[in-house]
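Presented below is the structure to which this report refers.
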Amino acid sequence: MAATMHLAPIDYVVIGLYFAFVLGVGFALKRSTRTSLDFFLSGRRIPAWVTGLAFISANLGALEVLGMAASGAEYGMLTCHFYWIGAIPAMVFVGLFMMPFYYGSRARSVPEYLRLRFDEKTRLFNAGTFAVMTILASGINLYAMAIVFQLMLGWSFNATVLLSAAVVLVYTWLGGLTSSIYNEVLQFFLIVLGILPLAVMSMVEAGGWQGLERRLPSGYLHVWTTLGHASANPMGVEWFGVVMGLGFVLSFGYWCTDFLVVQRAMAAQDMTAAQKTPLVGAIPKVFIPFLVIIPGIAAWAVIPHSAFLVNGKTNYNLALPLLLGRYYPAGLLGVGVTALLASFMSGMAGNVTAFNTVWTYDIYQALLRREAPDQHYLKMGRAATFFGILLSIGAAYAALQFHNIMNYLQLIFSFVNAPLLATFLLGMFWKRTTANGAFWGLVSGTTAAAGHWAMTAHGLLFHYSSVMAANFSRAIYAFGACFVITVGVSLFTTPRPEAELVGLVSSLTERPRYGHLSWWRRPVTLALGVLALTIVLNWMFR
Amino acid sequence: MASPSPTRTLDIRWPIGLLFAAMGVALAAYGAAFAPRGSVEPTRVNLDLWWGFVLVIFGAAMIFGAWRADRRAASRGGPG
């Protein structure tokens with residue numbers, strides 16, 4: 001690979017400082033981790049700015065950073081849709097409209113909300129699929145990390161996997177979710193401060209926005225104007241797929257129901273902080289395209305395209321590593337590498353902490369040991385951390401054997417998350433939804449996604465201009481199937497008495513009141529501000 | 001509402017502040033001593049030196065915030 005870099009001793013000093021601090025934080029947090037609630041939900045005492053940064057940081061893994069820069073180089077500004085339409089509206093929605101039920105119900109996990117609202121089988125269906133997904137995601141993260149550092153720096157695959165897994169084990173074992181959240185916030189600042197000079201340098205070299213306009217075809221630099229027809233843009237998508245598939249189903253499915261992110265809000269210190277968690281996270285999220293996507297575009301504009309060739313094929317994933325090697329001197333390179341290292345490790349820790357919570361509360365406590373002293377569940381959580389990491393290492397080596405496992409993971413995500421969104425929307429906003437309706441809706445939504453995938457793969461019935469267009473469309477079908485079946489079965493089954501649904505369903509729950517807060521401290525003000533900012537950016541880069 | 005825990009959790013601004021300050025000092029000192037250069041230099045500034053300063057300032061701001069919050073909590077005599 002052309003981007004192989006060499007680290008100087010100063011770079012190792014910077015990386016060493018980071019490892020020392022991460023382990024130090026774990027030991028410092030051990031003292032305040034005494035109960036299972038401390039371990040799994042940080043004792044519900046984290047302020048909104050910390051949970052908010054952790055909320056987006058859990059999603060801003062190194063794969064995302066490298067992938068979004070790659071996508072910027074390949075598709076240009078169209079990539080911004082993953083932020084400005086594919087994240088912000090959903091984050092505002094979950095904060096304003098769903099958090100009152102997640103946090104207000106005192107559920108300790110997303111599957112536990114499903115048990116409170118519906119029944120045990122719906123919870124187990126969700127807990128089981130989620131546990132498998134997080135372990136796979138954690139393992140693939142570990143695999144990608146070892147591959148990236150092997151290609152970039154020549155580090156040994158085995159050493160990277162085992163060393164980073166050991167560090168993640170130590171700090172999540174000691175401090176549980178708090179350790180994971182603290183590392184996510186630390187990683188957020190490392191990514192911002194480690195990549196910012198690179199973003200500035202690449203724009204200076206490209207000659208600013210005007211320079212990019214001179215160097216690239218105009219389609220690269222617009223967000224909306226090329227979406228009239230799938231053939232008019234490099235992504236092969238059109239506006240309906242972007243708005244409904246990505247902007248609604250995929251994005252709301254992820255941000256509103258995925259326990260990995262929702263867990264951060266559940267750790268907040270009170271209802272206001274829980275509601276503000278995704279809203280606070282949305283503010284930096286709006287600007288992340290300037291940090292990762294635009295440098296990716298600039299890389300394609302200033303670096304000779306031959307540098308992107310690997311075995312004769314263009315590999316856009318090299319965009320960010322090429323920029324690092326191009327601009328960063330020894331020292332700063334250490335900071336950039338630490339930022340990537342930190343975001344890989346916190347991506348793994350986030351998955352592991354979500355896994356140990358769902359395993360302990362939703363599978364072990366629900367099925368195997370219902371009544372036990374709190375210390376027992378704390379011990380089980382630590383044991384689950386250990387086994388979760390062991391399984392992740394196994395998944396990383398499995399990924400090494402089957403390279404396309406990543407594509408399958410994306411697929412599983414779309415099978416699981418898209419229908420789940422319909423279950424949650426109906427569960428929270430329609431009191432008539434019944435447990436059987438929810439369960440069979442979920443099963444049929446997942447089946448519809450699998451059926452759509454099988455038919456597309458064999459060229460039956462559905463034809464799409466690109467894989468991405470097919471993904472958007474599959475999400476819409478899966479959501480639609482779950483929605484229709486849930487409504488249909490609910491209408492023929494008996495709903496639960498309204499008294500049991502107070503605090504779980506919108507029409508039966510009192511809204512949180514913010515009369516005591518000045519207007520600019522209320523969640524709704526923050527939400528409107530973020531939305532306005534997003535609209536302005538969409539318009540500016542249309 | 002959450003029941004306040006008897007132990008105060010470590011303020012996250014301490015480790016963030018200390019880590020960035022330490023990284024910044026190492027970076028700035030290295031930049032001042034060796035003025036290392038990237039392969040391509042669009043701006044011709046000593047990146048390590050100046051970005052080291054930025055990291056130190058950021059770290060110091062975090063440490064100040066943590067120190068002030070701890071002092072306030074101590075003067076209230078309870079968990080913050």
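Each chain gets a letter, A, B and so on, in the order the sequences are listed, and its residues count up from 1.
In terms of the salt bridge (Lys or Arg N to Asp or Glu O under 4.0 Å) criterion, residue partners of B:R37 (sequence neighbours excluded) are, by chain and number, B:E41.
Taking a 6.0 Å sphere around CH2 of B:W50, one finds it holds 12 or fewer heavy atoms contributed by other residues, nucleotides or ligands. The environment of CZ in A:F19 is crowded: more than 12 heavy-atom neighbours from other residues, nucleotides or ligands sit within 6.0 Å.
Looking at A:V14, the atoms closer than 4.5 Å to chain B (heavy atoms on both sides) sit in the backbone and in the side chain alike. Using a 4.5 Å cut-off between heavy atoms, A:V335 touches chain B through its side chain atoms alone. Residue A:L333 does not touch chain B at all, counting heavy-atom pairs closer than 4.5 Å. Only the side chain of B:F20 comes within contact range of chain A, with heavy atoms under 4.5 Å apart. For A:F189, the parts lying near chain B are the backbone and the side chain together; criterion is any non-hydrogen pair under 4.5 Å. Looking at B:L18, the atoms closer than 4.5 Å to chain A (heavy atoms on both sides) sit in the backbone and in the side chain alike. With a threshold of 4.5 angstrom between heavy atoms, A:T178 approaches chain B through side-chain atoms but not through N, CA, C or O. For A:L29, the part lying near chain B is the side chain, with the backbone staying farther off; criterion is any non-hydrogen pair under 4.5 Å.
Nearest approach of B:A26 to A:I10, heavy atoms of both residues: O-CD1, 3.9 Å. Contact between A:G325 and B:S39 at its shortest, heavy atoms only, is O-OG, 3.1 Å. Contact record, B:P36 with A:A330: CG-O, 3.6 Å, taken as the closest heavy-atom pair. Minimum interatomic distance between A:L332 and B:L27 (heavy atoms only, all atoms of both residues): N-CD1, 3.4 Å.
With chain B as the partner, the residue from A:Y182, A:Y327, A:Y328 showing the most heavy-atom pairs under 4.5 Å is A:Y182. In terms of non-hydrogen atom pairs under 4.5 Å with chain B, the most contact-rich of A:V13, A:V50, A:L190, A:V185 is A:L190. By number of non-hydrogen pairs under 4.5 angstrom with chain B, the leading residue of A:V25, A:T338, A:L17, A:L193 is A:L193. Interface summary for chain B: among A:S202, A:G331, A:G334, the most heavy-atom pairs under 4.5 angstrom belong to A:G331.
The closest donor-acceptor contact from the side chain of B:T43 to the backbone of A:M201 lies at 3.5 Å or more, if one exists at all. Remark: side-chain polar atoms of B:W51 are not paired, donor with acceptor, to backbone N or O of A:G194 under 3.5 angstrom.
Expressed to the nearest 0.5 Å, how far OH of B:Y30 lies from CG of A:D11 amounts to 7.0 Å.
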